[in-house]
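Chain naming here is simple, since letters A, B, ... match the order of the sequence lines and numbering starts at 1 in each.
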Protein chains: 2
Amino acid sequence: MEIANFVKEKRKSVRLTQPELAEKAGVGLRFIRELEQGKQSLRLDKVNQVIQLFGYEVGAVKKKPTTYL
Amino acid sequence: MEIANFVKEKRKSVRLTQPELAEKAGVGLRFIRELEQGKQSLRLDKVNQVIQLFGYEVGAVKKKPTTYL
DNA sequence: TATATTTGTACCCAAAAGGGTATATAAAAA
DNA sequence: TTTTTATATACCCTTTTGGGTACAAATATA
């Protein structure tokens, strides 16, 4: 799953609003919003600040071989 | 494995120098160096440009539960 | 429906990323 | 060892991030 939806789902599963998650993660509200909307050019350390709250960290994962056509 | 060493090992396994990898990934040489040295505040999209060459992408991975002491 | 809550978009601005490049250091080869 | 190759550090500069904030749009609740 893309990080965007991963964060959104995790956040909802623990019933937090975006402002609450921003607060807990120590990032700005704007960042949470851009993150959940899939902005690609976010800073790695900031993303880590957020997902570590859920026990995750950013890492390299194998891409699924795509089926063409 | 941290992304830093992941990139370094993958790069060496295919016998590329840092300038060559930078060229192929379409990022600056400086970026490859900071990446392999573990700089935390890199941009996600740039990291993706690099590791997708090896068939990987950035994603959320579970942190190993740490043993304290 | 109306009202409250949550989420998305737009603006300004300081701080930082990252490209290019030159130089220094380290490692490998002759 | 000397010579070549590879990697690390430092500087200048432009572009972009991300914080703060205000407002709009969407969603949920009464």
Nearest-Å distance for atom pair [atom1]/[atom2], residues [X] and [N]:
X       : N      : atom1 : atom2 : result
A/Lys39 : C/dA17 : NZ    : C1'   : 13 Å
B/Lys8  : D/dT7  : NZ    : P     : 8 Å
A/Gln40 : D/dT17 : CD    : C1'   : 15 Å
A/Glu34 : D/dT21 : CD    : C1'   : 14 Å
B/Glu36 : D/dA8  : CD    : P     : 7 Å
B/Leu35 : D/dT9  : CG    : P     : 14 Å

Notebook entry, point to check: More than 12 non-hydrogen atoms from neighbouring residues, nucleotides or ligands closer than 6.0 Å to CD on B/Glu2, yes or no?
Noted result: yes
Notebook entry, point to check: Around A/Glu23, counting heavy atoms of other residues, nucleotides and ligands shown, do more than 12 lie under 6.0 Å from its CD?
Noted result: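 12 or below, so no.
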Note to self: Please compare A/Lys12 and B/Leu42 by the position of their nearest nucleotide in DNA chain C and report the one closer to 5'.
What the structure shows: A/Lys12
Any side-chain to backbone donor/acceptor pair from [X] onto [Y]? Under 3.5 Å, distance only.
X       : Y       : result
A/Glu34 : A/Phe31 : no
A/Asn5  : A/Glu36 : no
B/Gln40 : A/Asp45 : no

Check: Roughly how far, to the nearest 0.5 Å, is the CZ atom of A/Phe54 from the NZ atom of B/Lys62?
Finding: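 Output value for this atom pair is 14.0 Å.
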Note to self: To the nearest 0.5 Å, what is the distance between CZ on A/Arg11 and CG on A/Leu21?
What the structure shows: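 Output value for this atom pair is 7.0 Å.
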Checklist line | Single hit among B/Ile51, B/Val58, B/Val61 for side-chain contact (heavy atoms from CB on, under 4.5 Å) with A/Val61 | finding: B/Val61
Check: Counting only non-hydrogen atoms, which of residues 15-32 of chain A are less than 4.0 Å from DNA chain C?
Finding: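 Of all residues in residues 15-32 of chain A, the ones placing a heavy atom under 4.0 Å from DNA chain C are A/Thr17, A/Gln18, A/Arg30.
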Item checked: Under-4.0 Å side-chain N/O to phosphate OP1/OP2 contact, A/Arg33 with C/dA10 ->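 Checking A/Arg33 against C/dA10: no side-chain N or O falls below 4.0 Å of OP1 or OP2.
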Check: Among residues 43-59 of chain A, which residues get a heavy atom nearer than 4.0 Å to DNA chain D?
Finding: A/Arg43, A/Lys46
Check: Do B/Leu16 and B/Leu29 belong to the same hydrophobic cluster, where Ile, Leu, Val, Met, Phe, Trp and Tyr are linked whenever their side-chain heavy atoms lie under 4.5 Å apart, directly or via other members?
Finding: no
Check: From the list C/dA16, D/dT7, C/dT9, which nucleotide is the closest neighbour of the side chain of A/Gln37?
Finding: C/dT9
